[in-house]
Asker: 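First the structure, then my questions, so here it is.
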2 protein chains.
Amino acid sequence: MAAREQETTAPETGLGVRQRATWQRAAVSAAVAGLQEFRSAQQVCDVLRAEGRAIGMSTVYRALQAMAELKQVDVLRGDDGEMLYRRCGHGHHHHLVCRVCGATVEVTGEAVERWADRVAEKHHYTDISHSVEIFGRCADCAGS
Amino acid sequence: MAAREQETTAPETGLGVRQRATWQRAAVSAAVAGLQEFRSAQQVCDVLRAEGRAIGMSTVYRALQAMAELKQVDVLRGDDGEMLYRRCGHGHHHHLVCRVCGATVEVTGEAVERWADRVAEKHHYTDISHSVEIFGRCADCAGS
DNA sequence: TTTGGTGCAAAACCTTTGCATTAGG
DNA sequence: CCTAATGCAAAGGTTTTGCACCAAA
């Protein structure tokens, strides 16, 4: 929760200057890059292990955390409270998630951002963040 | 997650027909009724115990769960994933929550509702619901 | 009496951390 | 070499569950 002491990040590589490149980080990064849906750390770990890459849970968690801090992945809290990760689009956005199959559309909403800021300001709240997710049933899952 | 086999609810009392009235449920209900902020099950439990009512955590959890199902309380997931409860306001609304002290303001946002509907429609998602919460630091907690 | 409720402790989960070991630079 | 990164296991925290006992109806 506390702000990192020093953000020594090299934007081009996405790696912190003092960070080392390991195959584990690359593997997690690759796994996430291919994601179309939000997946848990556990699932990411399972996928990698299924591919034969023996990797520890803690490493996966640490890698995902790092990527989240570098804004390379989106983090979402599922209904059951577990953290879900997905490759990140550019800029600030929200999600339209199919509650049946998990298919996700990234959406932006100027209007919402402004509304949130306005509401917060009106009530003298500072240091604002907001979570906006829309859940529904996508066209493919309409019939189920 | 599965739908209840039979919703045998008596609206006037808010108690299911086959549910028994215990002082524990009443206590939890009373505690929540007085809440202005979102509180965790743990906190609700602490309050009751401080009042001298020795009550078990599981009972508090079960009572809150039941109340949530009957829509007598709002349930929210904090940033850290823990469940937070608060008495329920009337009608559809969202929350502006202080992440330090939990002080909550209920807010409505026509703009957001319409935006969500529009976005969903555009991507052919149906059966829409959305979760919109704004977190920040309230005026009283601004300095911490 | 019947049967849902309670409460304890244990289990189930998810996530983080401590620490010895490995390996990137 | 130096030290960040790894991986295991253990700790932490929240929520759920099994089960014997209690009490509302």
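What you see is a predicted model, and the numbers here were worked out from it, not measured in a lab. Letters A, B, ... are given to chains in the order of the sequence lines, protein chains preceding strands, and every chain is numbered from 1.
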Asker: Are B/Ser40 and D/dT14 close enough that a side-chain N or O sits under 4.0 Å from OP1 or OP2?
Answerer: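 For D/dT14, OP1/OP2 do not have a side-chain N/O of B/Ser40 under 4.0 Å.
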Asker: Whole Å only: how far is the CG atom of B/Asp79 from the C1' atom of D/dG13?
Answerer: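 So the CG-C1' distance, B/Asp79 to D/dG13, works out to 16 Å.
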Asker: Assess B/Arg99 against B/Phe135: is NZ or CZ under 6.0 Å from the centre of the six-membered ring, and within 45 degrees of the ring's axis?
Answerer: no
Asker: Donor-acceptor pair under 3.5 Å: do we get one between B/Arg62's side chain and the base of C/dG7?
Answerer: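 It does, because a donor-acceptor pair links the side chain of B/Arg62 to the base of C/dG7 below 3.5 Å.
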Asker: Closest approach of B/His123 and A/Leu96, non-hydrogen atoms and distance?
Answerer: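 Closest approach of B/His123 to A/Leu96: CB-CD2, 3.6 Å.
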Asker: Does D/dG7 have OP1 or OP2 sitting under 4.0 Å from an N or O in the side chain of A/Gln24?
Answerer: yes
Asker: Tell me: CH2 of B/Trp23 to C1' of C/dG7, nearest whole Å?
Answerer: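 After rounding, the reported distance stands at 11 Å.
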Asker: Atom CZ of A/Arg77 to atom C1' of D/dT14: distance rounded to whole Å?
Answerer: 11 Å
Asker: Would you say the base of C/dC8 and the side-chain of B/Ser58 have a donor-acceptor pair closer than 3.5 Å?
Answerer: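 Such a pair is found, so the answer is yes.
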Asker: In whole Å, what is the span from the CZ atom of B/Arg25 to the P atom of C/dG7?
Answerer: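 Rounded to whole Å, this separation is 11 Å.
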Asker: Whole Å only: how far is the CE atom of A/Met67 from the P atom of D/dA5?
Answerer: 15 Å
Asker: Nearest whole angstrom, please: distance from the C1' of C/dT16 to the CE of A/Met83.
Answerer: 11 Å
Asker: For the pair A/Arg86 (side chain) and A/Gln36 (backbone), establish whether a donor and an acceptor sit closer than 3.5 Å, ignoring hydrogens and angles.
Answerer: yes
Asker: Roughly how many Å is it from CE in B/Met57 to C1' in C/dA9, rounded to a whole number?
Answerer: 13 Å
Asker: I want to check one thing: is the phosphate of D/dA4, taken as OP1 and OP2, less than 4.0 Å away from some side-chain N or O of A/Thr22?
Answerer: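 Answer is no, no contact under 4.0 Å.
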Asker: So, applying side chain to side chain donor-acceptor pair (under 3.5 Å) with B/His94, which one of B/Glu106, B/His130, B/Glu133 is it?
Answerer: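 So the option named by the test is B/His130.
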Asker: Look at the side chain of A/Arg49 and the backbone N and O of A/Ile55, then say whether any donor-acceptor pair between them is shorter than 3.5 Å.
Answerer: yes
Asker: Relative to the 5' end of DNA chain D, which residue comes earlier, B/Tyr61 or A/Val60, by the nucleotide with the nearest heavy atom?
Answerer: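 The 5'-side residue here is A/Val60.
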Asker: Measure from the side chain of B/Thr59, starting at C-beta and using heavy atoms only, and say which of C/dT15, C/dG7, C/dG25 lies closest.
Answerer: C/dG7
Asker: Classify A/Ala41 by what it touches in the nucleic acid, base, sugar-phosphate, or nothing, heavy-atom distance under 4.0 Å.
Answerer: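 No contact at all - A/Ala41 keeps every heavy atom at 4.0 Å or more from the nucleic acid.
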Asker: Under 4.0 Å from OP1 or OP2 of C/dT16: is there any side-chain N or O of A/Gln65 that close?
Answerer: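 Yes, within the criterion.
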Asker: Of the candidate nucleotides D/dG18, D/dT15, C/dC14, which contains the atom at the shortest distance from the side chain of B/Glu82?
Answerer: D/dT15
Asker: Would you say the base of C/dG25 and the side-chain of A/Arg20 have a donor-acceptor pair closer than 3.5 Å?
Answerer: no
Asker: If I take atom CG in residue B/Leu64 and atom P in nucleotide C/dG7, what distance separates them, rounded to the nearest angstrom?
Answerer: 13 Å
